[in-house]
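All remarks here apply to the structure that follows.
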Amino acid sequence: MCGRYTLFTPTADLEARFDADFGDREPSYNCAPGQSLPVIPDRDPGEATRMEWGLTPSWADESFDLINARAETVREKRSFADAFERRRCLVPADGFYEWVGGDRGSGKTPYRVAFADDRPFAMAGLYERWEPPTPETTQTGLDAFGGGNGGEEGNADDPDVIETFAVVTTEPNDLVADLHHRMAVILDPEAGEEETWLRGGPDEAAALLDPYPSNELAAHPVSTRVNSPSVDAPDLIKPVSGD
């Protein structure tokens, strides 16, 4: 799975890498589910948009908080199928964490996986726009008389709509397989995969959902302080002695 990642690359470098405006942001050494994080949506790839990590389908009656979507079933599962067809995004990162021996918790050793030069990359993502149900009331609203948005989908700035995203995962490469049985789908910019993910058809996008070659990545153990999503500091990415 992909349950934590880093994004500390300077904003100017991110903007040059993705040709997108990232606005005001702080570096993060411990991006965690539930946080509002920058993604690059297919609707406007020239501007990074902050969305909450933990996808909730548009049809849901309550928050789902789905942080990952399995590549093998993403086109069939109701929670992800529509987003896969219509709402794909790039999730910028410069590394991700995995825990040896299982999920995060006592006795698990966290590892950071990244390119040797810490260069940023894009993970394949899906996003949704969810409007929480309005509490029932006896007062007649303007919508009953044709006011409001007339039942049309709100725009991206609608304060009543929550935008959420999930990271697509696939089988691990040889490096990550020693750490976990899943890994995030990393898109190869040199092969045009980022553009295809955003602009290509469903079959073209599905063809990208394979593990990234392990020979370009490296992994090292890091402090268990990363276990807590409330901890966000540069020393989290530093190598420590593995047990």
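Between Phe8 and Tyr29, the angle of the ring planes stays under 30°, which puts this pair in the parallel group of the 30/60° scheme. The aromatic rings of Trp53 and Phe165 lie parallel to each other, their planes meeting at an angle below 30°, with 60° marking the opposite boundary.
At least one donor-acceptor pair under 3.5 Å links the side chain of Thr6 to the backbone N or O of Gly95. Looking only at distances, a side-chain donor or acceptor of Asp94 sits under 3.5 Å from a matching main-chain atom of Thr9. Judged by distance alone, with hydrogens and angles left aside, the side-chain atoms of Trp130 form no donor-acceptor pair with the main-chain N or O of Ser63 at under 3.5 Å. Judged by distance alone, with hydrogens and angles left aside, the side-chain atoms of Glu195 form no donor-acceptor pair with the main-chain N or O of Gly192 at under 3.5 Å. Under the 3.5 Å distance criterion, the side-chain polar atoms of Arg4 are matched with a main-chain donor or acceptor of Asn227. Counting only distance, with no hydrogens or angles, the side chain of Trp197 and the backbone of Asp42 share no donor-acceptor pair below 3.5 Å. Listed for the Asp61 side chain is no donor-acceptor partner under 3.5 Å among the backbone atoms of Pro133. At distances below 3.5 Å, at least one donor-acceptor pair connects side-chain atoms of Thr164 with backbone N or O atoms of Thr56.
Under a 4.0 Å N-O distance rule, the pair Glu72/Arg182 qualifies as a salt bridge. Using a 4.0 Å cut-off between a side-chain N of Lys or Arg and a carboxylate O of Asp or Glu, Arg86 and Asp82 qualify as a salt bridge. The pair Asp24-Arg50 does not count as a salt bridge, with every side-chain nitrogen at least 4.0 angstrom from each carboxylate oxygen. Arg119 and Glu216 are joined by a salt bridge, as a carboxylate oxygen and a charged side-chain nitrogen come within less than 4.0 angstrom of each other.
Between Tyr97 and Leu236 there is a side-chain heavy-atom pair separated by less than 4.5 Å. Within the 4.5 Å cutoff, side-chain heavy atoms of Arg25 are placed close to those of Leu7. Pro45 is not listed as a side-chain neighbour of Glu194, based on a closest heavy-atom distance of 4.5 Å or more. The closest side-chain heavy-atom distance from Pro172 to His180 is not below 4.5 Å. For the pair Phe84 and Leu209, the minimum side-chain heavy-atom distance is below 4.5 Å.
Seen from the ring of Phe80, Arg78 does not count as a face-on cation partner, given the 6.0 Å and 45° thresholds.
Partners of Phe96 according to the ring-ring contact (aromatic ring centres under 6.0 Å, His included) rule, which considers only residues two or more places apart in sequence or in another chain, do not exist here.
In this structure, Asp117 places its CG atom where more than 12 heavy-atom neighbours from other residues, nucleotides or ligands lie under 6.0 Å away.
Two rings, from Phe115 and Tyr212, have their centers less than 6.0 Å apart.
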